[in-house]
Each structure stands twice: as C-alpha cells, then as structure tokens.
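Scroll down for the structure; my scribbles are underneath it.
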There are 2 protein chains.
Amino acid sequence: MEIRPLDDIDRRILRSLQRDGRLGNNHLAEEVGLSPSPCWQRTRRLEAEGYIKGYTAVLDQEKLGAPETVIIEVTLNRHDDAVLETFGRAMAELPEVLEVYLTTGEYDYYIKVAVDGTRGYEEFLRHKLYRVPGIQHSRSTFTLRCLKQGGISVPA
Amino acid sequence: MEIRPLDDIDRRILRSLQRDGRLGNNHLAEEVGLSPSPCWQRTRRLEAEGYIKGYTAVLDQEKLGAPETVIIEVTLNRHDDAVLETFGRAMAELPEVLEVYLTTGEYDYYIKVAVDGTRGYEEFLRHKLYRVPGIQHSRSTFTLRCLKQGGISVPA
DNA sequence: GATGAAAACTTTATAAG
DNA sequence: CTTATAAAGTTTTCATC
C-alpha cells in the first residue's frame, strides 16, 4: 500500500491542499489538471498512505490573546530516560506550549510558547515551567517578528 | 465588525475546526451543540474577523523526504534594517525553511529547516545558508524527537 | 486514466417563530 | 437563538470505456 512514489500530479494535489485545506474535489481536480474521479482517488490514497496527516484550521495567536512567541531552551539536571520523558510530556500538556523538541547540543529541550506579553511570560515561567522538577538551566528568547511559518514545501 | 468577544460556543467551533479542518457545518453544529444555521454564521464570522486565518492540509515531513528538523540560530555582521530584512526574506524563500523568526538576545535570527539527514543538512548549509551574505556566526541544533507541534490552544 | 450517472449529503440563503 | 425550506453544489460510489 506504500509502494508507488509520488508523481507530479500527486505533488500538485498536496500543494493545493496545503494552500487551501477545504478545497473541494472538483476545484482541486481542475487545479491539478485531472478529472474529478481520479483526483478523488489520489487524494484518498495520499490520506491513507499518510502523506496527508490531517486537515486543520489555522488560528490567529494574536486574536486569541497570546501575541508573543517565546523560545525556551532547557537543560535538565539528570538525563536518564524517565526524567527526559517525563519533562517532555509535562511540557506538551501545557496549553501555552506550541512545540516541544528533544535536541542535541547544549540544551536538552527546545520549547516554543505563546504568551500575552512579558506578564504572560512571567506567569508561564513561575506557575508552569519552574514548577516542573528537574530543570538545571533555561534560556529564553523572545521573538520580535515571524517572517515565515508553515509546513514543509512539497519538493519539485 | 470586531466588537463582540468570543463566547464558549465560538471557542468550541475553533477547537473543532483546529482538530478537523474539513468538518462540515452539520457535524460541526452537532459537536458544538448548536443548530446548523447559527453555527454556519458564527463560523463565517470567525473567518471574516480573522480568528481563522485559513485551512491547511498537514503533510508528513518524513514521507516527503525531509525527516530531520534542524534549528539554526544566526547572528549577522551588521544590524541595519536593510541587512536584517534582506537576510530574513532570503531565508523565507528557501523551500527547506519551515520557520523564520527575528529574535531578541544572543542571535538575530532563529530558523527551522527540514532536511534529509546530515547530508541534506550539509547541502543546505553550503549551497543555501552560507551563500547568503552577512552571516557572522551560526549555531545548529538537530532535533531528536518532536513531542508536540501545532497551533495555539484555544483558551477556556 | 476519462466519463457519466445516481444517491446522499453539504452549502448557502431566506423566511418565520 | 430555533426550525424549516429550497436550490445549487459537492461527495462518494460504481459501472463503463
């Protein structure tokens, strides 16, 4: 079920649905230069094979009251599996947290949070991050402006 | 046109559409406990007022041949508006680049890229990043595992 | 792959309680 | 807000070339 590589039309379907996740099959077919029926089959195949993981509404962080994006890097004071895992899970459960990555290098975790200003940030640190045990050191970077944000580009 | 604050039902609509961007109005209405007609009006309002910025298909980075996510922080050797701006735009145009943020602190830019292993990463550095003029210093962090990724949580 | 057709469902608008 | 209606369009399946 995952044998065939993507062809040009598959990639066009992915690009179109990435641009507009609610595109109907008829419009999509027209956009990619196919008749509706095979277009529909390809789209279902791309979903079934996992190229398309899902569809989502993209919401506005500012309008929802968390205009600041802050990057927090964290080192833990122990590095056994259990501590690393527990910390990551605790972070992932917090609503302010947008992203959690376990990383190589100087820090163990890389976390991105959305907060309402320095106040919101302080609150997050004091009431959420610093209450999770095991943090040795953390370093925060406020973002000033986002120039790009989004999913992977479908290769040519 | 942007006077009214969100109520509980609006927030449920946002959460449902974030979870499934292709939910039809009837299912959505049922999910949020409303009849289809007002549900449809609220959804259009949330779009028109910008709470919903759009809809997108979420694609699989691995399946599309770029399984590694690398975080690159960059300092530029000059900090006038033109240099900062030009660098950010050049980064945003590269297909490997998923995110570009201008930041406070030690580095000027924070960039997230998707590449195919250390090979793909080296190629990105040599053929793309290092060909952009003005870089004083950069620091790369490979991510090992992603524990969370997604948009903002709709507040309670 | 293209076409066509049919049933079920969705979208969009409008009117009335 | 709800219920109801209705035309237009979409989705999904299926048979055929």
Side-chain angles (χ1 to χ4, degrees), chain A residues 1-60 63-65 150-156, chain B residues 1-60 63-65 150-156:
Chain A
M1 211 228 208
E2 295 193 23
I3 16 158
R4 207 170 1 171
L6 297 184
D7 69 8
D8 215 56
I9 293 175
D10 292 321
R11 284 188 284 264
R12 268 183 255 162
I13 291 174
L14 293 177
R15 274 185 221 111
S16 290
L17 289 175
Q18 198 175 35
R19 210 199 58 243
D20 178 1
R22 292 201 75 135
L23 250 191
N25 188 57
N26 293 5
H27 291 296
L28 179 59
E30 215 196 333
E31 238 178 74
V32 304
L34 212 60
S35 61
S37 182
C39 178
W40 190 82
Q41 290 174 61
R42 278 167 183 262
T43 307
R44 290 302 86 77
R45 189 197 124 216
L46 292 167
E47 287 170 0
E49 292 183 354
Y51 290 97
I52 298 171
K53 300 203 302 200
Y55 298 90
T56 188
V58 182
L59 306 185
D60 189 316
K63 292 239 172 204
L64 291 170
I152 190 172
S153 296
V154 180
Chain B
M1 211 230 207
E2 293 193 26
I3 16 160
R4 207 172 1 171
L6 297 183
D7 69 9
D8 215 57
I9 293 175
D10 292 321
R11 284 189 284 264
R12 268 184 255 163
I13 291 173
L14 293 176
R15 274 183 222 113
S16 290
L17 290 174
Q18 197 174 36
R19 210 198 59 243
D20 179 1
R22 293 200 75 134
L23 251 191
N25 188 59
N26 292 5
H27 291 295
L28 179 60
E30 215 195 334
E31 236 177 76
V32 304
L34 212 60
S35 60
S37 177
C39 179
W40 189 81
Q41 290 173 63
R42 278 167 183 261
T43 307
R44 290 301 87 79
R45 188 196 126 216
L46 292 167
E47 287 170 0
E49 292 183 355
Y51 290 96
I52 298 170
K53 301 204 302 200
Y55 298 90
T56 190
V58 182
L59 306 184
D60 189 317
K63 293 240 170 202
L64 291 169
I152 188 171
S153 296
V154 180

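Computed from a prediction, not measured in an experiment: that's the story for all the values here. The sequence lines fix the lettering, A, B, ..., with proteins before strands; numbering per chain opens at 1.
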A:I9 CD1 - C:dA2 C1' separation (whole Å): 12 Å

Among C:dT14, D:dC1, C:dT10, which is the nearest nucleotide to the side chain of B:R42? D:dC1

Does D:dT11 have OP1 or OP2 sitting under 4.0 Å from an N or O in the side chain of A:R44? no

Looking only at side-chain atoms of A:N26, point me to the closest of D:dT3, C:dT3, D:dT10. D:dT10

Flag, side chain of A:Q18 to backbone of A:I152, donor-acceptor distance under 3.5 Å: yes

Euclidean distance, atom CG of residue A:L28 to atom P of D:dT12 [Å, nearest integer]: 12 Å

Pick the closest DNA chain C nucleotide for A:R22 and for A:Q41 by heavy atoms, then say which residue is nearer the 5' end. A:Q41

Run the salt bridge (Lys or Arg N to Asp or Glu O under 4.0 Å) test on A:E31 and A:R19 for me, step by step, so that the C-alpha distance in whole Å, both residues' side-chain angles and the decisive distance to 0.1 Å come before the verdict. CA-CA 12 Å; A:E31 238 178 74; A:R19 210 199 58 243; 2.9 Å; yes

Return yes if some donor-acceptor pair links the side-chain N/O of B:D60 with the main-chain N/O of A:K53 below 3.5 Å, else return no. no

Would you tell me if any nitrogen or oxygen in the side chain of B:H27 comes within less than 4.0 Å of OP1 or OP2 on C:dT10? yes

Counting only side-chain N and O atoms of A:N25, is one of them less than 4.0 Å from OP1 or OP2 of D:dT11? no

Mind checking the CG-CZ spacing from B:D10 to B:R45? Nearest 0.5 Å is all I need. 4.5 Å

Nucleotide D:dT2, atom C1' - distance to CG of B:L34 in whole Å: 9 Å

Identify which nucleotide among D:dC1, C:dA2, C:dT12 has an atom closest to any side-chain atom of B:W40, counting heavy atoms from C-beta outward. C:dT12

Identify which nucleotide among C:dT3, D:dT11, D:dT2 has an atom closest to any side-chain atom of A:S37, counting heavy atoms from C-beta outward. C:dT3

